[in-house]
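I have placed the structure first, in the form of structure tokens, so that the comments after it can refer back to it.
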2 protein chains.
Amino acid sequence: MSRVFRALSDPTRRRVLQLLRAGPMSAGDLCLHFDVSKPTMSAHFSVLREADLVHAEKVGKSILYHLKLSVLEEALLGFAQSFGLGVEPPAVASDIVETQR
Amino acid sequence: MSRVFRALSDPTRRRVLQLLRAGPMSAGDLCLHFDVSKPTMSAHFSVLREADLVHAEKVGKSILYHLKLSVLEEALLGFAQSFGLGVEPPAVASDIVETQR
DNA sequence: CTCATGGTTAGATGATTAGCTAATTATCGA
DNA sequence: TCGATAATTAGCTAATCATCTAACCATGAG
């Protein structure tokens with residue numbers, strides 16, 4: 001939990017996650033969107049990996065980063081829920097299959 | 001946004017917010033729940049204030065801290081929403097009046 | 001095999017963080 | 001006014017963070 005929020009506390013990392021919404025992207029391609037060195041980006045990726053917010057898939061020379069939306073969802077909405085915020089309890093069981101992805 | 005997530009990245013601060021769910025509490029009473037020095041707690045309160053997650057109200061010798069649930073909600077659910085998360089699909093317009101609070 | 005490319009590791013630096021003790025400010029009660 | 005109480009500020013330390021350059025590993029192309 002701490003690791004997730006820590007990861008989200010940096011604007012660069014939040015933007016990386018937003019970019020990954022559109023689909024997996026290589027480390028290099030992600031770097032093109034930011035004005036910092038590659039090692040710095042690599043460190044950001046590492047933080048995101050440790051928070052389990054992304055998955056790294058090695059493809060040839062590249063590394064594809066995938067957003068783990070379910071982890072983000074569980075952290076954000078789970079915590080919000082613990083404050084009674086915004087989440088509709090999925091009243092009936094038949095709803096559950098629709099809310100689980 | 002960064003400040004909110006930064007504030008939430010510490011377990012002590014998250015627990016403070018949870019304690020404040022039940023209602024306003026003085027700095028001293030909050031301290032009783034934690035095994036750190038009062039100045040350390042004061043620093044945590046300061047971080048929470050700067051993230052606008054709590055409001056400090058001076059009452060006599062004490063300072064009452066209030067949880068600003070709406071700020072927490074906006075940050076958490078707003079960010080989640082930007083990922084298409086946690087949004088009950090408000091299919092029809094008549095639903096909107098029920099989801100807005 | 002060698003080389004260029006994609007990415008991470010090593011190592012350094014300046015900034016920030018969480019924690020402490022001691023000192024300070026502010027307010028209430030006697 | 002004086003003393004006790006509530007909380008913050010001052011000042012310190014050890015650890016972590018974001019960033020950089022330079023060096024290093026891995027892989028696909030020739």
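Here is how names work: the chains are called A, B, and so on, in the same order as the sequence lines, proteins then strands, and each is numbered from 1.
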Between [X] and [N], is there a side-chain N or O to OP1/OP2 distance below 4.0 Å?
{"X": "B:S62", "N": "D:dT5", "value": "no"}
{"X": "A:T40", "N": "D:dT19", "value": "no"}
{"X": "A:R6", "N": "C:dT17", "value": "no"}

Rounded to whole Å, please give me the gap between [atom1] in [X] and [atom2] in [N].
{"X": "A:L30", "N": "C:dT8", "atom1": "CG", "atom2": "C1'", "value": "15 Å"}
{"X": "A:K38", "N": "C:dA10", "atom1": "NZ", "atom2": "P", "value": "17 Å"}
{"X": "B:K61", "N": "C:dA30", "atom1": "NZ", "atom2": "C1'", "value": "12 Å"}
{"X": "A:I63", "N": "C:dG7", "atom1": "CD1", "atom2": "C1'", "value": "6 Å"}
{"X": "B:L32", "N": "D:dA7", "atom1": "CG", "atom2": "C1'", "value": "13 Å"}
{"X": "B:M41", "N": "D:dA7", "atom1": "CE", "atom2": "P", "value": "11 Å"}

Taking the side chain as every heavy atom from C-beta outward, state whether A:L77 and A:L85 have any pair of such atoms under 4.5 Å apart.
no
Any side-chain heavy-atom pair of B:S46 and B:E50 under 4.5 Å
yes
Contact class for B:F34 (heavy atom, under 4.0 Å): base, sugar-phosphate, or nothing?
nothing
With DNA chain D as reference, determine whether A:A43 or B:D29 sits nearer its 5' end, using the nearest nucleotide of each.
B:D29
On DNA chain D, more 5' by nearest nucleotide between B:A27 and A:S37 is B:A27
In residues 44-58 of chain A, which ones come under 4.0 Å of DNA chain D, going by heavy atoms?
A:H44, A:K58
Within this structure, what is the CZ-CG distance for the pair A:R21 and A:L72, rounded to the nearest 0.5 Å?
10.5 Å
Do we see a donor-acceptor contact under 3.5 Å between the side chains of A:R6 and A:S9?
yes
Give a yes or no on whether B:R3 atom CZ has more than 12 heavy-atom contacts from other residues, nucleotides or ligands under 6.0 Å away.
no
